[in-house]
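In what follows, a structure is listed as structure tokens, so that the remarks can point back to it.
Order of the sequence lines fixes the chain letters, A, B, ..., with proteins taken first and strands second; residue numbering starts at 1 for each chain.
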Amino acid sequence: MRIGYACKLIGAANADMKSCTLKNASSEKLTELIRHNINSLNTMIDYNIENNIKLFRISSDLIPFGSSEVNKIKWWETFSEEIRCIGNKIKKSSMRVSLHPGQYTVLNSNNKDVAIKAVEELVYHTRILDSLGVNSQHKVVLHIGGAYDNKRLSVERFAENYKLLPDNVKKRLVIENDDKIYNIEEVLDIGLKLSIPVIFDNLHHQINYPKQKMSHAYWIEQCKATWKNEDGNQKIHYSQQAEQKKKGSHSDFISINQFMRFYELLGRNDIDIMLEVKDKNLSCVKCINCTTKKLNINVLEKEWSKYKYTILERSNAIYQEIIELLKDKQNFSAIAFYNLLERGLKSEGDSGSFVNAALHIWSYFENYATEKEKINFFKYLENYQNQKTGINTVKNYLKKLTEKYVQNYLMNSLYFSI
DNA sequence: TGACGTCAAGATCCG
DNA sequence: CGGATCTTGACGTCA
């Protein structure tokens with residue numbers, strides 16, 4: 001089993017995707033952005049390898065305007081060496097990667113231009129995977145599209161337009177149930193008819209389900225049959241509803257208890273789970289750690305070193321509780337650790353705890369910082385306490401000092417990221 | 001015509 | 001001038 005995350009890496013440097021507006025999209029600008037983004041992708045793949053993450057969705061933003069007329073760059077040639085190098089790392093580490101065009105790629109559109117653009121968009125996505133040199137287990141995920149007041153005709157049009165796809169795209173295409181229009185039963189029908197693997201998305205299913213109400217396990221089992229040998233293990237999407245937000249919104253982090261219940265019910269190893277969650281790699285590492293047998297306590301200690309100042313900022317009590325928990329090196333539970341962590345992350349904190357955490361961070365610099373920096377820091381802190389500025393002003397200044405004085409421990413901290 | 005979703009770019013404001 | 005904060009962009013469908 002692989003557990004993965006989508007598109008974005010939180011808490012690491014040089015892993016961002018850059019873009020530009022259409023009117024600034026000159027060839028020079030685009031080349032510069034593509035170089036930057038491929039370099040960021042390389043950082044993300046390295047991170048995944050270091051953290052034992054074997055499932056990853058590459059951002060569609062890798063190549064800005066990747067399927068548009070404005071982008072005439074043959075990036076797969078210009079950067080062939082860099083891309084091949086990344087592909088080799090993916091293969092060597094048995095990582096599985098995918099791509100997922102968003103809600104605006106509509107293959108079954110009743111507008112011919114839109115459908116043709118969708119084909120081009122899928123060709124672009126496929127080209128990324130082909131350039132990496134990875135096999136057909138590495139997929140491109142697509143929703144079915146619109147209903148246009150006639151689902152039967154719209155499904156037929158999906159089948160018609162599917163024929164427009166080149167073979168290399170067809171080999172990688174998989175389809176997914178969405179939260180508004182095509183439920184899992186309908187997507188399965190299409191998948192079986194056209195021989196396209198189907199991804200079950202649990203949260204979409206919760207809000208858009210077929211008349212015949214069956215368990216998640218049932219639908220997951222039905223989808224399994226659509227995955228052929230050359231497609232690799234069945235893949236599903238898993239996410240949790242954000243509390244007090246509109247239906248379908250992804251949660252800030254994965255609640256580990258809820259995930260473990262899902263995982264136990266699944267009771268399978270021949271399946272890959274793509275998490276869709278705001279905190280991306282962070283929840284991914286959490287779920288991997290909690291499903292790893294005989295986890296080394298060092299892993300949790302490393303996790304704690306990243307989270308500790310964020311927790312200190314929000315709840316001193318929970319900060320102390322976690323330190324207590326980690327004292328027992330023999331009998332420890334990753335799930336108990338993450339439960340405390342989640343409680344800490346949910347805590348609001350107050351100005352006292354924010355100041356306390358900022359002072360802890362400051363202590364890394366007090367022997368190096370210049371007199372002027374010291375004055376600046378305490379001025380920002382006073383402004384915050386007098387409600388003349390937000391805590392971010394203080395934190396941004398500390399971030400600047402962290403980079404200037406190269407404090408590696410802090411550079412790896414999530415204090416500046418979440 | 002606006003909402004939907006995403007989030008960096010781009011614009012503007014502030015000290 | 002630099003940093004913080006607000007607005008726009010880019011996509012297609014649907015109410």
>> So if I take every side-chain heavy atom of A:Thr393 and compare against B:dA11, C:dT13, C:dA4, which nucleotide ends up nearest?
In response: C:dA4
>> Using whole Å, what does the distance between atom P of nucleotide C:dA15 and atom OH of A:Tyr148 come to?
In response: 12 Å
>> Please pick, from B:dA8, B:dG10, B:dG5, the nucleotide with the shortest atom-to-atom distance to any side-chain atom of A:Gln103.
In response: B:dG5
> Under 6.0 Å from the NZ atom of A:Lys228, do we count more than 12 heavy atoms belonging to anything else shown?
Replying inline: yes
>> Over all strands shown, is A:Asp61 touching base, sugar-phosphate only, or nothing at heavy-atom distances under 4.0 angstrom?
In response: nothing
>> Testing A:His138, A:Lys139, A:Arg172 one by one against A:Asp231 for a side-chain hydrogen bond (donor to acceptor under 3.5 Å, both in side chains), which residue passes?
In response: A:Lys139
> Can you find a side chain N or O atom of A:Asn392 that sits less than 4.0 Å from OP1 or OP2 on C:dA4?
Replying inline: no
> Separation of A:Ile207 atom CD1 from B:dC4 atom C1', in whole Å?
Replying inline: 12 Å
> If you look at every strand shown and take non-hydrogen atoms under 4.0 Å, does A:Asn111 touch a base, only sugar-phosphate, or nothing?
Replying inline: nothing
>> By nearest atom, which of the nucleotides B:dC4, C:dA10, C:dG3 is closest to the A:Lys400 side chain?
In response: C:dG3
> Going by the angle between their ring planes, with limits at 30° and 60°, are A:Phe262 and A:Tyr238 parallel, tilted or perpendicular?
Replying inline: tilted
> Which residue lies toward the 5' end of DNA chain B, A:Lys23 or A:Lys8, if each is placed at its nearest nucleotide?
Replying inline: A:Lys8
> Quick one: which of C:dC11, B:dT6, C:dC14 gets closest to the side chain of A:Ile181?
Replying inline: C:dC14
>> For a quick check of understanding: with a heavy-atom distance under 4.0 Å over all strands, which category does A:Ser249 fall into, base, sugar-phosphate or nothing?
In response: nothing
>> Please verify the inter-ring angle class for A:Tyr309 with A:Tyr409; under 30° counts as parallel, over 60° as perpendicular, anything in between as tilted.
In response: perpendicular
> Picking from B:dA9, B:dT6, C:dC14, which would you name as closest to the side chain of A:Lys18?
Replying inline: B:dA9
> Taking for each residue the nucleotide of DNA chain C with the nearest heavy atom, is it A:Asn396 or A:Phe65 whose nucleotide lies nearer the 5' end?
Replying inline: A:Asn396
> Heavy-atom distance under 4.5 Å between the side chains of A:Glu176 and A:Val187, does that happen here?
Replying inline: no
> Among B:dT6, C:dG12, B:dG10, which is the nearest nucleotide to the side chain of A:Thr21?
Replying inline: B:dG10
>> With a 4.0 Å limit, can you tell me whether A:Asn24 has a side-chain N or O closer than that to the phosphate oxygens OP1/OP2 of B:dG10?
In response: yes
> Closest to the A:Tyr104 side chain: B:dG5, C:dA4, C:dG9?
Replying inline: B:dG5
> Of the nucleotides C:dA4, C:dG9, B:dC7, which has the atom closest to the A:Lys280 side chain?
Replying inline: B:dC7
>> Just to be sure I understand the rule, does A:Lys246 reach a base, reach only the sugar-phosphate, or reach nothing, if contact means heavy atoms closer than 4.0 Å?
In response: sugar-phosphate
